[in-house]
Amino acid sequence: MSDNQFIKLRKEKLAKIRALGIDPYPVESGRSHKIADLFEDRESWVERAESVTLAGRLVAMRRQGKLGFGNLEDDSGKIQLYVSKNETGEENYELFKLCDAGDFVEATGSPFFTNSGEYSLRCSRIRLLGKNIRPLPAVKERVEDGKTIRYDEFADIELRYRKRYLDLLLNPEHRKVFKLRSRIIREMRSYLNERDYMEVETPILQPLYGGANARPFVTHHNTLDVDLYLRIAVELYLKRLIVGGYERVYEIGKNFRNEGMDRTHNPEFTMLESYEAYSDLRGMMDLVEGMVKHLAKNVIGKDEYVYQGHKVNLMGEWRRAGMAELVQEKLGVDVLNESDEALIALCKKHELEIPPGSGKGKIIAVLFEHFVEHSLIQPTFVCDFPKEISPLAKAKPGNPLLADRFELIIAGGEFANAFSELNDPLDQRARLEAQAALRAMGDDEANVVDEDFLEALEYGMPPMGGQGIGVDRLVMLLTENDSIKEVILFPQMKPGI
RNA sequence: GGUCCAGUAACUCAGCGGUAGAGUAUCUGCCUUUUAAGCAGAGAGUCGAUGGUUCGAUCCCAUCCUGGAUCACCA
């Protein structure tokens with residue numbers, strides 16, 4: 001971007017500062033206290049009149065002749081600076097006059113109360129730490145009845161996402177969202193660590209991708225001269241680790257799916273997957289429910305959340321119900337015992353598309369997604385998924401059509417997915433080969449056959465439960481944001497501007 | 001991908017077929033307790049882009065770009 005009037009002026013100021021023999025970008029900075037420190041027992045600070053040095057960004061300036069006020073902000077808080085020529089001396093006051101909102105400065109002085117009663121720092125010296133040459137958007141705020149009213153808020157959604165640093169700087173409530181995100185993830189880790197899980201890191205660049213139905217991003221390694229895929233899931237690698245003898249592992253990291261983008265999908269997103277030997281689907285329900293309730297209670301401290309226009313109570317008893325049972329509730333059709341023809345006719349009647357190669361299970365899933373999923377508002381474990389669409393899940397004993405799998409649905413959206421993991425190597429091979437057949441029929445999201453994974457299974461894998469939680473969506477729910485872009489610091493945007 | 005909405009100064013926005021406006025911000029002057037500081041003055045814009053209609057387009061039309069909402073598709 002070329003220089004505008006503002007930048008030209010500030011570059012001129014830079015030159016003036018340098019002409020005074022002052023380095024506007026010094027190497028050394030130092031502070032004796034953070035701003036929040038001065039707000040503990042203010043009266044005592046004032047009484048002691050101790051000199052302290054603060055450092056931070058100057059976020060506002062009110063200059064009036066031989067004295068001026070500024071607001072200094074660091075990551076702990078904000079305090080008013082009182083700068084008068086009497087106290088700083090001529091030379092230092094000249095520097096202060098060359099400072100702008102947006103500059104980083106060091107302020108030395110002692111706390112006091114102004115005539116109007118505002119707790120401030122009476123400055124004996126101002127030192128420049130980093131000169132700003134592009135003015136920050138002008139946002140003004142006023143405190144009324146303890147509430148902060150902001151004027152001319154930096155609110156353009158596109159700019160907020162593209163220039164996230166400005167969003168964070170100018171909109172404290174957005175800064176708070178990402179702080180909560182960090183706490184949520186930290187608390188997830190400790191929840192699992194306390195349960196004897198081990199955190200691991202597995203490849204992001206994979207020779208084959210697997211563990212989910214999705215199209216991948218492809219890249220190329222020059223030295224090996226091979227194409228590699230960015231992972232769409234970590235499942236198959238974590239299972240290899242269970243084969244290797246660890247009993248409880250998890251990974252929190254980015255997955256990449258080359259699919260559409262909307263309010264709940266970003267091409268790279270954060271997933272938590274965990275696997276636990278000798279557990280099963282029931283164990284995973286307890287784990288997921290326990291963890292989410294723990295986060296709601298300990299990080300946020302609320303029972304009820306407003307999400308996508310719905311009131312969701314996370315602290316109640318979470319329903320566990322079969323997919324077919326839920327469809328039957330809604331449509332009055334006993335889908336498990338109905339003939340394929342009748343189900344196909346039902347789909348046709350509602351103009352629902354059935355992908356080629358679909359069996360009964362897939363058709364039931366289509367009906368579920370169309371008629372039921374959106375209406376599940378309170379947390380619901382939808383169990384007994386059709387085996388046909390669950391190639392990595394163990395079959396449900398007693399019903400060859402079903403798999404021991406659930407998805408957690410909240411406010412009509414998917415939050416987690418879990419199985420009793422399939423550990424029969426022959427069955428697993430047959431299922432992946434069936435996926436390959438679907439792929440041959442044009443389903444480019446079907447799983448690929450991963451021979452190395454199958455070989456690992458052949459060496460023996462214990463029975464286990466595994467689950468994956470979409471971390472971004474969980475953060476959305478807990479921070480009551482309806483767009484995934486509000487909880488990802490740098491969401492994917494088209495190049496532009 | 002369909003539909004709808006938006007794009008005007010650094011920020012928030014108004015405007016309208018006749019050469020662009022406000023508040024804040026900025027600059028200059030005054031100002032030693034201000035706090036959305038104040039007072040006086042000034043500068044600042046390719047009106048998202050490209051075509052078309054018109055004597056004349058920021059405004060009307062078309063196409064495109066970017067973003068948002070929504071539906072469809074998709075985990």
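Letters A, B, ... mirror the listed sequences (proteins, then strands); counts begin at 1.
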If you check the [X] side chain, which of [options] turns out closest?
| X | options | result |
| --- | --- | --- |
| A:Asp152 | B:U66, B:C11, B:A44 | B:C11 |
| A:Arg10 | B:U26, B:U66, B:U33 | B:U26 |
| A:Asp262 | B:U66, B:C73, B:A36 | B:C73 |
| A:Tyr82 | B:G43, B:U32, B:U24 | B:U32 |
| A:Phe6 | B:A36, B:C73, B:A25 | B:A25 |
| A:Tyr161 | B:U33, B:U35, B:G68 | B:G68 |
| A:Gln80 | B:A25, B:U35, B:C27 | B:U35 |
| A:Thr114 | B:A36, B:U34, B:U32 | B:U34 |

Rounding to an integer number of Å, can you tell me how far [X] [atom1] sits from [N] [atom2]?
| X | N | atom1 | atom2 | value |
| --- | --- | --- | --- | --- |
| A:Arg122 | B:U32 | CZ | P | 16 Å |
| A:Asn115 | B:U32 | CG | P | 14 Å |
| A:Tyr119 | B:U33 | OH | P | 22 Å |
| A:Leu352 | B:C74 | CG | P | 11 Å |
| A:Glu153 | B:A25 | CD | P | 17 Å |
| A:Leu166 | B:A25 | CG | P | 18 Å |
| A:Lys85 | B:U33 | NZ | C1' | 17 Å |
| A:Asn132 | B:A25 | CG | C1' | 13 Å |

For [N] and [M], measure between their [atom1] atoms and round to the nearest Å.
| N | M | atom1 | answer |
| --- | --- | --- | --- |
| B:C60 | B:G15 | P | 12 Å |
| B:G23 | B:U58 | P | 25 Å |
| B:G38 | B:U54 | C1' | 49 Å |
| B:C59 | B:A6 | C1' | 16 Å |
| B:C61 | B:U24 | C1' | 36 Å |
| B:C39 | B:U34 | P | 15 Å |
| B:C5 | B:A42 | P | 41 Å |
| B:A44 | B:A25 | C1' | 11 Å |

Checklist entry - Any N or O donor-acceptor pair linking the side chain of A:Gln64 to the base of B:U34 at under 3.5 Å? => result no

NA contact type, [X], heavy-atom cut-off 4.0 Å: base, sugar-phosphate, or nothing?
| X | value |
| --- | --- |
| A:Glu118 | base |
| A:Glu141 | sugar-phosphate |
| A:Ala212 | nothing |

salt_bridge([X], [Y]) N-O dist < 4.0 Å:
| X | Y | answer |
| --- | --- | --- |
| A:Lys360 | A:Glu388 | no |
| A:Glu118 | A:Arg62 | no |
| A:Lys239 | A:Asp450 | no |

Item to check | Helical stems, RNA chain B - three or more consecutive Watson-Crick or G-U wobble pairs below 3.5 Å | outcome: B:1-7 with B:65-71, B:10-13 with B:21-24, B:26-30 with B:38-42, B:48-52 with B:60-64

With no hydrogens and no angle check, just 3.5 Å: does a side-chain donor-acceptor pair link [X] and [Y]?
| X | Y | answer |
| --- | --- | --- |
| A:Gln80 | A:Thr114 | no |
| A:Ser51 | A:Ser110 | no |
| A:Tyr275 | A:Glu273 | yes |

Checklist outcome for this item: Sorted by chain and residue number, the ring-ring contact (aromatic ring centres under 6.0 Å, His included) partners of A:His350 (sequence neighbours excluded) come out as A:Phe371

Checklist entry - Any donor and acceptor pair, going by atom type alone, linking the side chain of A:Arg431 with main-chain N or O of A:Ser390 inside 3.5 Å? => result yes

Checklist entry - Does A:Asn481 reach the main-chain N or O of A:Ser483 with its side chain, forming a donor-acceptor pair under 3.5 Å? => result no

Checklist entry - In terms of the nearest nucleotide of RNA chain B, which residue is placed more toward the 5' end: A:Asp156 or A:Arg263? => result A:Asp156

Checklist outcome for this item: Assert: residue with more 5' nearest nucleotide on RNA chain B, out of A:Met493 and A:Pro137, is A:Pro137

Checklist entry - Does the gap between the ring centers of A:Phe69 and A:Tyr82 come in under 6.0 Å? => result yes

State whether [X] places a side-chain N or O below 4.0 Å from either non-bridging phosphate oxygen (OP1 or OP2) of [N].
| X | N | answer |
| --- | --- | --- |
| A:Arg63 | B:C31 | no |
| A:Lys485 | B:G68 | yes |
| A:Lys13 | B:C27 | yes |

